[in-house]
Structure formats: structure tokens, C-alpha cells
Amino acid sequence: MTQAHINRIATALPRHEVHDAFRLFAGRQITDPRTQSAFDRLAERSQIARRWSVLEPEPDATGTVDGFYRTDRFPSTGQRMARYEAEAPALAEAACDALGLAAEGPRITHLVLASCTGFAAPGLDHWIINRFGLPGTVERSVVGFMGCQAAINALKLAHHMVRSDPRARVLVLNLELCSLHLQPSTEIEQLLCFLLFADGCSAALVTAEEEGLALEGFHAALVPEAADQITWRIGNDGFDMTLSGFVPLTLARALPDQASAILGGAAVAEFDLWAVHPGGRSVLDAVVHGLGLPGDALDVSRAVLRETGNMSSATVMFVLERMLRTARRGQRGCALAFGPGLSAETMRFRVA
């Protein structure tokens, strides 16, 4: 049977580095000194050094240069969607250029777009077709609102497309503008959640050509009793996210029972590469504990978290892209990402 391969991955970040500015901006919403002290302490422990946004912060961190955010005014959902529609193409173009899509475009047969931070129709899929000369017959699929795990779902679709048609050449694009959904809040848990997220984009080519990462299998898992621990809903003032502090504990408890299915019956020791979505420092710690991984197994995930923050669905692709640079032929790997539900999407792969 034909096997799908991620031949190559390219990534792109917007130009504004915002972590310290947004940390100050969010912290100014807290009026209680003790809560402010706790916020600063927990923010320091996040192990995030930099995050990137399409929005440029004011030098004094009182908002954004163009007034999109101010400490006393936040945009409506409509304004946020208009900004997504305006900003997404440039970031997508940067990732697609890095992938070499200008030369590859006419040969693309399928386009899979994953995003949960903005919607428009005709949308980014139409824009990519027109900008890069993809055939008008290209088959389009949109994976929407599945959160951080959507990249695995998108790759799963590409996997099925290539297996059903060995001539398929699938472009998989993950684009998230998480910084468009900052909310006014004085709740420390909510503010710390905002300080995780950032903007980013990845583009990948998936074909039957035996190059890159061979996709060996997928596994999906639900933890229904924890369905309210990660939620993502459209509100009047942007998208409202709940990210409970219980998520790491839930994962640490649930993963041991799921390990055999996730790994296709193999042992943890048989895997060399662990591409875990860095949903936060405590999430990565929970995966290490839940699966019994070596202490350095998630070094690449931790580096991506430190240098870019959590870019929702694009983040695990940043991890995989870094692994591709140094991976050795024959190494086995496992990718994991988590999302609303509480749910997990996982993927086994081998370096071709």
C-alpha cells in the first residue's frame, strides 16, 4: 500500500516580537498587588522568552500602535475577523515561499487548510490558489476550530489522500493568529492563558515520494469526563477560550492507559523522536510523566515553546520542521497534540 510522506516543512513568523509588552499589558488589568505578584511569578515560570504577533505593541505597552487593543477598549468579533482576513495572506505567503510553492504550485492536487483563529469565505484557500497558481481543480479541505491538535488532523487527511491516489501532492497549511483574541480580564488563570499564545504559520508538502517523514499511523483519544477543561467558543468580543489548570494533571493520568494505542503496540524505548505540541511547560512535563519519557525527550518542543510560544495548530509543525533538519534515516517518532474536548490526536512516523 502507498505510504504518505511529509517531504518538507517550512515555517513563518510575523515581524513583531511581543512577549514582554503583552505581559505588561495583561498585568495592568490586575489591580490587587498580591494577584499582580503571583501573575509575575507564574509568567516567569512559563519558560517562554519570545512570542510573535501581527500586531505591533506600543512602546509603553498600553496597547497596539494602531489602536486595535487599548487597556480601556477591545475590538469586536467582527473587527477581529476583518483583521484576520487582512493579515493572514502575508504570513501564509512567507511560509509558502519558504516551502518553494511558486515552483510546486501547478502540481498541487489537494490543499488542506487548518485554522481556528479566523474565518472568511472566500478565504485563505482561495487566496493561495490565486497567488501561487494552483490548478482550479485542486481539492480543498478546511479543518476549522479543532484547536492545537488540528495539524495532526490535517496531516491525517493528507495521509488518506495520498494513500487513495499515489499521484496526489498535498499542500498542508496551518495558520493561526492567536493574538487577535486577547480579552479583558482580571482573572489570573485567564491572563496566564493569553500569555501562552502567539501567531505563526507552517506549510508542508505531503506526497508518496520516499523523502522526509513516512507517516505510519494515527490515533485519536477523548477524555470525556474532562470535556470542559479546554473549550473554544465564538463570543461577541472575540473567541472565548477556557484552558483549565487541571489539563496537565488530566493528561498525566490519562496517557498511561492510552500509551499502547498511541504507539501502535510498541514500547516507548522504540521511539527516538517526540514531537509533542508545547501547549505550555506544565503540559510538556505531564507528557513526560504520563508516558515515562527520558528527561531530554522533549527538548525540541521546549525550545519551540521558549522561542515562539504556543501558536495553536501550527506549533507542532514547527517542532517537526526542526526535527527534520537533524533526523537520521530509520529513526522512529511520535507526534502528539491536544485540543478541546479534552482530546488528543497522535501520529507515528519514521525518517525515510
Side-chain angles (χ1 to χ4, degrees), residues 4 6-15 53-55 68 75-162 164-165 167-181 199-207 232 234 238-239 311-315 317-318:
I6 306 174
N7 297 144
R8 56 185 188 270
I9 304 170
T11 60
L13 294 167
R15 62 192 181 96
S53 173
V54 295
L55 305 171
F68 186 80
S76 68
T77 301
Q79 290 171 319
R80 296 174 198 251
M81 292 302 92
R83 191 60 179 263
Y84 178 95
E85 193 171 358
E87 299 285 357
L91 192 57
E93 183 173 36
C96 290
D97 281 343
L99 189 71
L101 190 59
E104 182 70 39
R107 303 173 64 200
I108 296 295
T109 60
H110 298 73
L111 168 60
V112 181
L113 169 64
S115 184
C116 71
T117 49
F119 301 100
L124 194 56
D125 50 343
H126 285 262
W127 187 90
I128 292 169
I129 290 169
N130 293 329
R131 168 63 182 82
F132 289 97
L134 275 61
T137 55
V138 68
E139 297 184 19
R140 295 173 293 124
S141 300
V142 177
V143 179
F145 230 56
M146 295 196 77
C148 300
Q149 63 194 352
I152 307 297
N153 295 91
L155 291 172
K156 190 187 304 183
L157 285 175
H159 163 77
H160 291 315
M161 290 165 179
V162 171
S164 66
D165 181 0
R167 299 167 299 176
R169 303 185 71 80
V170 188
L171 171 65
V172 177
L173 190 91
N174 295 270
L175 189 146
E176 304 289 6
L177 303 184
C178 301
S179 68
L180 299 185
H181 296 287
D199 303 347
C201 181
S202 68
L205 179 67
V206 180
T207 76
W232 187 231
I234 298 176
F239 296 177
M311 300 165 287
S312 191
S313 73
T315 324
M317 299 302 293
F318 274 65

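As the structure is a prediction and not an experimental result, all values here were calculated from the model.
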task = Give a yes or no on whether the backbone of T117 and the side-chain of E176 come within a donor-acceptor separation of less than 3.5 Å.
result = yes
request  = Could you tell me whether the side chain of L205 reaches within less than 4.5 Å of the side chain of V170, counting heavy atoms only?
outcome  = no
ask   = Where do L13 and F318 land on the side-chain contact (heavy atoms from CB on, under 4.5 Å) test, with the steps shown first?
value = CA-CA 10 Å; L13 294 167; F318 274 65; 3.9 Å; yes
ask   = Should M161 and S141 count as side-chain neighbours, where that means a heavy-atom distance under 4.5 Å?
value = yes
ask   = Hey, is the main chain of A4 close enough, under 3.5 Å, to the side chain of H159 for a donor-acceptor pair?
value = no
query = Considering all heavy atoms of both residues, which atom of A154 and which atom of V112 are nearest to each other, and what is their separation?
reply = CB-CG1, 3.7 Å
query = Quick one: are L55 and R83 in side-chain contact, heavy atoms under 4.5 Å?
reply = yes
request  = Look at the side chain of W232 and the backbone N and O of C116, then say whether any donor-acceptor pair between them is shorter than 3.5 Å.
outcome  = yes
message = Using every non-hydrogen atom in the two residues, find where V172 and A158 come nearest and quote the distance to one decimal.
response = CG2-CB, 3.8 Å
Donor-acceptor contact below 3.5 Å, side chain T109 vs main chain R169 = yes
ask   = So which of I9, L173, L171 actually passes side chain to side chain contact (heavy atoms under 4.5 Å, CB included) with L99?
value = L171
request  = Indicate yes or no: at least one non-hydrogen side-chain atom of L113 is less than 4.5 angstrom from one of V143.
outcome  = no
ask   = Between L177 and L91, which heavy-atom pair has the shortest distance, and what is it?
value = CD2-CD2, 3.9 Å
Sub-6.0 Å ring centroid separation between Y84 and F119 = no
message = Contact between F132 and E104 at the side-chain level, heavy atoms closer than 4.5 Å - yes or no?
response = no
remark   = Closest non-hydrogen contact found for A151 with S313 is CB-O, 3.1 Å
inquiry  = Could you report the tightest heavy-atom contact between G200 and A314, atom names first, then the distance?
reply    = O-CB, 3.9 Å
key: Stepwise side-chain contact (heavy atoms from CB on, under 4.5 Å) check, I108 with I129   = CA-CA 10 Å; I108 296 295; I129 290 169; over 6 Å; no
message = Just by distance, no angles: are the side chains of H126 and R140 close enough, under 3.5 Å, to form a donor-acceptor pair?
response = yes
inquiry  = So L180 and F68, do their side chains get closer than 4.5 Å, heavy atoms only?
reply    = yes
ask   = Is there a donor-acceptor pair closer than 3.5 Å between any side-chain N or O of S115 and the backbone N or O of L175?
value = yes
message = Contact between W127 and E85 at the side-chain level, heavy atoms closer than 4.5 Å - yes or no?
response = no
message = Less than 4.5 Å apart, side chain to side chain, heavy atoms only: is that true for C178 and D199?
response = yes
